Amino acid sequence: MKTTNFGRVLAALVVAALAIPLDSAQLAFSRGVSEREDSLSHEAHKLGIRIGSAVSSSALSIDTTYAQILGEQFSAITPENEMKWAFVEPQQGVFNFGPADNEVLFAHQYGQLVRGHNLVWHSQLPSWLLRGSFTNEQLADLLKHHIFAEAGHFRGKIWQWDVVNEPFNEDGTLRPSIWFNALGPNYIADALVWTHLADPHAKLYLNDSNIEGLGPKSDAMYALVKNLLAAHVPIDGVGFETHLALQFGLPPMIQQNLQRFADLGLEVSITEMDVRMVLPATPDSLARQASVYAQLMQDCIAVRNCVDFTVWEYTDKYSWIPGFFKGQGSADIYDENFNPKPAYAALLDALENAVSHRHHGK
Ligand code: XIL
């Protein structure tokens with residue numbers, strides 16, 4: 001009893017002395033765990049690749065197992081929602097950076113890098129912005145100020161910013177979003193320039209879905225980044241979301257596609273990978289899922305500029321899939337009880353094989 005009280009008092013003193021805000025001091029990770037030798041990140045490090053996961057700040061604050069595995073296995077994180085506009089500025093001029101700050105704090109405690117996600121998107125916008133009646137000039141101004149406020153807030157703490165998220169339609173035309181409609185196609189270049197001014201050291205990315213293989217959408221992204229480079233607009237990389245579905249199979253020519261972007265001198269990153277399936281999962285579907293994950297890892301390893309391989313939540317416990325794709329799930333590399341699935345072993349195998357063959361040379 002005495003010892004417990006003493007411990008509590010000591011902990012309170014330490015917290016007070018370090019002036020850690022109470023909400024971050026209470027996070028599940030506060031006891032600290034170091035990276036394990038048999039981890040995904042440990043193997044990937046030998047190849048110059050970061051292994052990331054999307055992270056939920058609410059899970060991080062209540063689920064110690066979630067936080068522990070995140071700290072042990074991964075070398076990068078992406079806030080899954082907490083840096084999106086609707087979260088950081090729910091009312092005009094009222095900022096809420098706390099949850100994302102906690103995630104950044106967690107990352108720094110574990111030597112992880114942070115992917116900022118995202119600054120400009122058509123989705124998860126606050127309703128004051130969607131419902132307001134703003135002129136085009138006002139919208140341009142709002143976007144610029146948003147980028148300066150957010151990228152400025154996290155200045156120096158972000159490895160890669162998804163500056164513009166999902167700019168394309170499936171056919172490769174630009175998506176007619178609030179930003180496209182107000183600023184025209186140049187909103188992308190403007191956003192990149194503003195972000196560079198707000199945080200000169202962050203790597204600036206365009207991120208999109210369904211651009212992993214060759215096709216009209218990846219052709220459009222390729223043409224866009226080529227033009228941006230020619231115009232000396234600051235851009236460092238392209239993010240390939242890689243939300244795959246077992247029933248649709250692999251997109252065509254992934255490695256060749258990643259390579260053509262890398263050949264422009266850009267980084268490429270797998271930014272949101274998951275492989276959903278029609279439920280229930282079976283040993284056979286889990287084995288096929290494992291080989292899809294392994295294939296993508298092999299493609300990333302084979303492309304010298306592939307610097308990051310991030311999964312969109314590592315555990316089925318917090319996957320977005322069941323809520324968005326009816327009857328589908330089991331998309332992640334750990335199950336709902338934090339048991340590693342065959343996909344986890346397949347990723348580790350792919351990394352270990354590459355290390356032992358020294359193919360990568362990064
Ligand atoms: C998803 C999140 O996972 C969900 O929690 C949220 O409700 C909706 O957004 N492409 C993206 C991500 O770039 O931001 C999306 O994340 C998934 C698709």
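These figures come from a predicted structure and were not determined experimentally. The analysis underlying the following values was restricted to heavy atoms, covering all of them including side chains, and did not include hydrogens, waters or symmetry mates. In listed order, ligands and their atoms are each counted from 1.
Comparing Glu166, Glu80, Glu272 by heavy-atom distance to atom 2 (C) of ligand 1, the nearest is Glu80. In the candidate list Gln124, His243, Met83, Gln124 is nearest to atom 9 (O) of ligand 1, counting heavy atoms.
For atom 1 (C) of ligand 1, the nearest protein heavy atom (residue, atom name, distance) is Lys84 NZ, 3.7 Å. Scanning the protein heavy atoms around atom 7 (O) of ligand 1, the nearest turns out to be Phe324 CZ, 3.5 Å.
Close approach to His117 involves these atoms of ligand 1, each under 4.0 Å from a residue heavy atom: 11 (C), 12 (C), 13 (O), 14 (O). Every atom of ligand 1 with a heavy atom of Trp121 under 4.0 Å away is listed here by number and element: 14 (O).
Using a 4.0 Å cut-off between heavy atoms, Asn165 contacts ligand 1 through its side chain alone, with no backbone atom that close. With a 4.0 Å cut-off on non-hydrogen atoms, Asn81 touches ligand 1 through its side chain and not its backbone.
Crowding of Lys217 atom NZ: a count of heavy atoms from other residues, nucleotides or ligands under 6.0 Å exceeding 12. Within a 6.0 Å sphere centred on NE2 of His108, other residues, nucleotides and ligands contribute more than 12 heavy atoms.
Taking the six-membered ring where tryptophan is involved, the planes of Trp85 and Trp179 are essentially parallel, since the angle between them stays under 30° and well short of 60°.
The existence of a salt bridge linking Lys84 and Asp162 is excluded, since no basic side-chain nitrogen approaches an acidic carboxylate oxygen closer than 4.0 Å.
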In sequence, state the C-alpha distance, the side-chain angles, and the governing distance for Val114 and Met83, and then conclude on side-chain contact (heavy atoms from CB on, under 4.5 Å). CA-CA 11 Å; Val114 180; Met83 289 185 175; 4.2 Å; yes

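Below 3.5 Å of separation, one finds no N or O of Asn118 facing any N or O of ligand 1.
Tested against Tyr205 for a side-chain hydrogen bond (donor to acceptor under 3.5 Å, both in side chains), the candidates Gln160, His117, Arg115 yield a single pass: Gln160.
In this structure, a donor-acceptor pair under 3.5 Å is present between the side chains of Gln73 and Tyr344.
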